[in-house]
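Worksheet: one structure, shown below.
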Amino acid sequence: MSLIELVSAHGRARISPQGAQVLDAELDGRPLLWLSPLADFTPGKAVRGGVPLCFPWFGKHPQGLPAHGFARNQRWTVLEQSASQVRLALEDNAETRALWPHAFRLELTLQLDQALDFTFRVENRDALPIQFSYALHSYFAVTDLHGSLVQGLDGCLRRELAHVTMPQPGAVRLVEPIDAVFELAPAVLQLQEGPRQVLIEAESMRSAVVWNPGPAAEAVADIGVHWPEYVCVERGNIGAAAITLAAGEVHQASMRLSQLPGTAK
Ligand code: TA6
């Protein structure tokens with residue numbers, strides 16, 4: 001698999017042109033993202049870990065099309081690359097049109113400095129409006145899942161898959177399996193694990209998702225016994241926050257991942 005490596009004075013990140021997916025990243029001497037030791041790198045298959053981009057839908061598709069859309073399975077074009085930045089693009093092609101009959105152009109810029117920055121751009125190149133959902137599905141590395149907390153979602157409406165929607169009381173504790181969507185989440189979330197704090201800052205991404213399947217993941221080939229090593233805290237626009245773009249319109253949003261000072265090991 002061909003990889004792009006970004007390096008800065010603060011860390012490094014590896015990116016795959018398939019899906020424009022950050023596979024792993026380290027900041028200030030600590031792993032920031034989790035890449036499954038059981039990840040399957042077969043071309044065209046979604047890779048478990050890092051930051052896959054879900055587009056143009058999120059989660060399972062009602063008609064059985066690929067879960068989380070096709071952007072993570074497609075090979076993107078590298079437009080520009082320097083030591084600490086890469087810009088990748090994906091345009092509609094015969095395969096994407098067979099799944100989603102629209103003309104579009106996606107661009108993802110990844111920049112590494114003291115933070116890892118994602119800038120995502122969607123252009124509607126169709127003659128008609130398009131509607132889509134998307135998420136940057138980040139897998140964060142943790143050493144103590146059950147001692148981890150996601151701060152910032154207090155009071156946000158929490159929609160549990162197959163359950164009722166209710167307000168989130170306080171911080172989200174990772175003591176039980178979770179697969180929850182938070183509507184209208186604030187711009188800044190924090191993943192806290194003991195003294196370590198990861199900041200997840202989003203702009204124009206209204207939804208958040210927190211996911212760890214617990215021991216049930218032992219049946220998932222590319223997770224297995226490694227489920228306690230990560231927690232997904234995702235940002236994007238899904239559900240009620242889905243985006244509609246008129247012909248020629250552009251949507252742009254960004255996410256920044258960093259660790260608060262003093263949290264290096
Ligand atoms: O973001 C949470 C989620 O939608 C879960 O429901 C879960 O099954 C997952 O993403 C992983 O999906 P994947 O298709 O990558 O196995």
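For ligands, and for the atoms within them, numbers begin at 1 and follow the listed sequence.
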Which protein heavy atom lies closest to [atom], and at what distance to 0.1 Å?
atom: atom 3 (C) of ligand 1; result: H68 NE2, 3.7 Å
atom: atom 8 (O) of ligand 1; result: W211 CZ2, 3.9 Å
atom: atom 1 (O) of ligand 1; result: E234 OE2, 2.8 Å
atom: atom 14 (O) of ligand 1; result: R72 NH2, 2.9 Å

Could you tell me the separation between the CD atom of E160 and the CZ atom of F182, rounded to the nearest 0.5 Å?
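E160 CD to F182 CZ: 7.0 Å, rounded to 0.5 Å.
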Is it true that, when you exclude Q252 itself, more than 12 heavy atoms of the residues, nucleotides or ligands shown sit nearer than 6.0 Å to its CD?
yes
Count the heavy atoms belonging to other residues, nucleotides or ligands that lie under 6.0 Å from CD of E203, then report whether that count exceeds 12.
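Counting neighbours around CD of E203, 12 or fewer heavy atoms of other residues, nucleotides or ligands fall under 6.0 Å, so no.
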Given ring pair (Phe, Tyr, Trp, His ring centres under 6.0 Å), test H251 with Y134 step by step and report yes or no.
CA-CA 11 Å; H251 168 77; Y134 69 91; 5.4 Å; yes
Any idea which of D179, V210, V181 brings a heavy atom closest to atom 6 (O) of ligand 1?
D179
If you measure from each non-hydrogen atom of K60 to ligand 1, which part falls under 4.0 Å: side chain, backbone, both or neither?
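Under 4.0 Å from ligand 1, K60 contributes no heavy atoms.
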On a heavy-atom basis, which atom in L257 and which in L32 lie closest, and how many Å separate them?
CB-CD2, 4.0 Å
When you compare the side chains of Q74 and N93, does any donor N or O come within less than 3.5 Å of an acceptor on the partner?
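Per modelled atom types, Q74 and N93 side chains form a pair under 3.5 Å.
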Looking at V209, which atoms of ligand 1 are within less than 4.0 Å of one of its heavy atoms?
1 (O)
